[in-house]
Peer 1: 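Next up is a structure, given as structure tokens.
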Amino acid sequence: MNSPHLSGWPRAALILSAVLALAACGGPETASRPPMYQNLAEVSGDLDEAEALKIINAYRANNGVGPVALDDRLTALARVYARDLATKAGASPTIRPDGKLDARLAAAGYSQAEVEESVTAGYYTLAEAFSGWRDSAPHRAAMLMPAATDMGIAAAYLANTKYKVYWVLVMAKPA
């Protein structure tokens, strides 16, 4: 006997499709996402540095390393360098430190005894960037730099570039 009503699997599939369709109608809700999951391409690279500090310090603690503090000078130089990387993105197929970190630190008035820098691109969220750094030996070493007491972090967004979001992390110990 044929029933005009859906039951079992076909009905569940229809309900799930309707729910997903309705959810898609709302568009991106960047304001309701936790800062770690904010798509920086949707918020013009506006990174929540305090959230980044919290995540990196939790990772350091889980690995037996002491916390760091956000340093305004390091964050400012990271912002400038991230914007510079984004602006020059078409000139090179890879993103690498330019070897001028000491000059940037001196210009910022930060006299360091030890410093590590991580430069990367293409991660749209802090969660993605953190995961990428954690899974890369050089970036992980920078995040876990035992002597570090200060940190600066920034992301820059530039729409018409290959990677769109460019990241700079500086871990340092002052002299």
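Every heavy atom of this structure was used, including side-chain atoms; hydrogens, water molecules and symmetry mates were not.
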Peer 1: What side chain to side chain donor-acceptor pair (under 3.5 Å) pairs are there with at least one residue in residues 53-72, not counting sequence neighbours?
Peer 2: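 Only E51-K54, D71-R73 qualify under side chain to side chain donor-acceptor pair (under 3.5 Å).
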Peer 1: Can you find a pair of side-chain heavy atoms, one from R79 and one from E49, that are under 4.5 Å apart?
Peer 2: yes
Peer 1: Do Y166 and T120 come within less than 4.5 Å of each other through their side chains, counting heavy atoms only?
Peer 2: no
Peer 1: Could you tell me whether K100 and E117 make a salt bridge, using a distance below 4.0 angstrom between a side-chain N and a carboxylate O?
Peer 2: no
Peer 1: Between K173 and E114, is there a donor-acceptor pair closer than 3.5 Å when you use the side chain of the first and the backbone of the second?
Peer 2: no
Peer 1: Tell me, do I153 and V170 make a side-chain contact under 4.5 Å, heavy atoms counted?
Peer 2: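 No, side chains not in contact.
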Peer 1: Starting from F130, can I reach Y124 by hopping between I/L/V/M/F/W/Y residues whose side chains sit under 4.5 Å apart?
Peer 2: yes
Peer 1: Is there a side-chain contact between M151 and L169 in this structure, where contact means two heavy atoms from C-beta onward sitting under 4.5 Å apart?
Peer 2: yes
Peer 1: Is there a side-chain contact between Y81 and V119, using heavy atoms and a 4.5 Å cut-off?
Peer 2: yes
Peer 1: In the structure I gave you, are the side-chain heavy atoms of R140 and W133 within less than 4.5 Å of one another anywhere?
Peer 2: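 A side-chain contact under 4.5 Å is absent here.
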Peer 1: Which atom names give the shortest non-hydrogen contact between A148 and V68, and what distance separates them?
Peer 2: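 Here A148 and V68 meet closest at O-CG1, 3.5 Å.
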Peer 1: Are L47 and V80 connected in the hydrophobic side-chain network, where two residues link if heavy atoms are under 4.5 Å apart?
Peer 2: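 They do not share one cluster, since no chain of ILVMFWY contacts under 4.5 Å joins L47 to V80.
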Peer 1: Are P174 and T149 close enough that some pair of their side-chain heavy atoms sits under 4.5 Å apart?
Peer 2: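 Yes, close enough: below the 4.5 Å cut-off.
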Peer 1: Between CG of L70 and CG of D150, what distance do you get to the nearest 0.5 Å?
Peer 2: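 Going from the CG atom of L70 to the CG atom of D150 covers 9.0 Å.
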Peer 1: So do M171 and I56 actually touch side chain to side chain, heavy atoms under 4.5 Å?
Peer 2: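 Yes, close enough: below the 4.5 Å cut-off.
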Peer 1: Of all the heavy-atom pairs spanning S118 and A142, show the shortest one and how long it is.
Peer 2: OG-CB, 3.4 Å
Peer 1: Under the 3.5 angstrom rule, does the side chain of S131 hit a backbone N or O of A127 as a donor-acceptor pair?
Peer 2: yes
Peer 1: So which heavy atom on A82 is nearest to which on A155, and how close?
Peer 2: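 Looking at all heavy atoms of both residues, the shortest contact is CB-C, 4.2 Å.
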Peer 1: Is there a donor-acceptor pair closer than 3.5 Å between any side-chain N or O of T161 and the backbone N or O of L158?
Peer 2: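 Yes, because the side chain of T161 sits within donor-acceptor range (under 3.5 Å) of the backbone of L158.
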Peer 1: Please check: side-chain N/O of W167 versus main-chain N/O of Y123, any donor-acceptor pairing under 3.5 Å?
Peer 2: yes
Peer 1: Using a cut-off of 6.0 Å, state whether more than 12 heavy atoms not belonging to D135 lie near its atom CG.
Peer 2: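 Enclosed.
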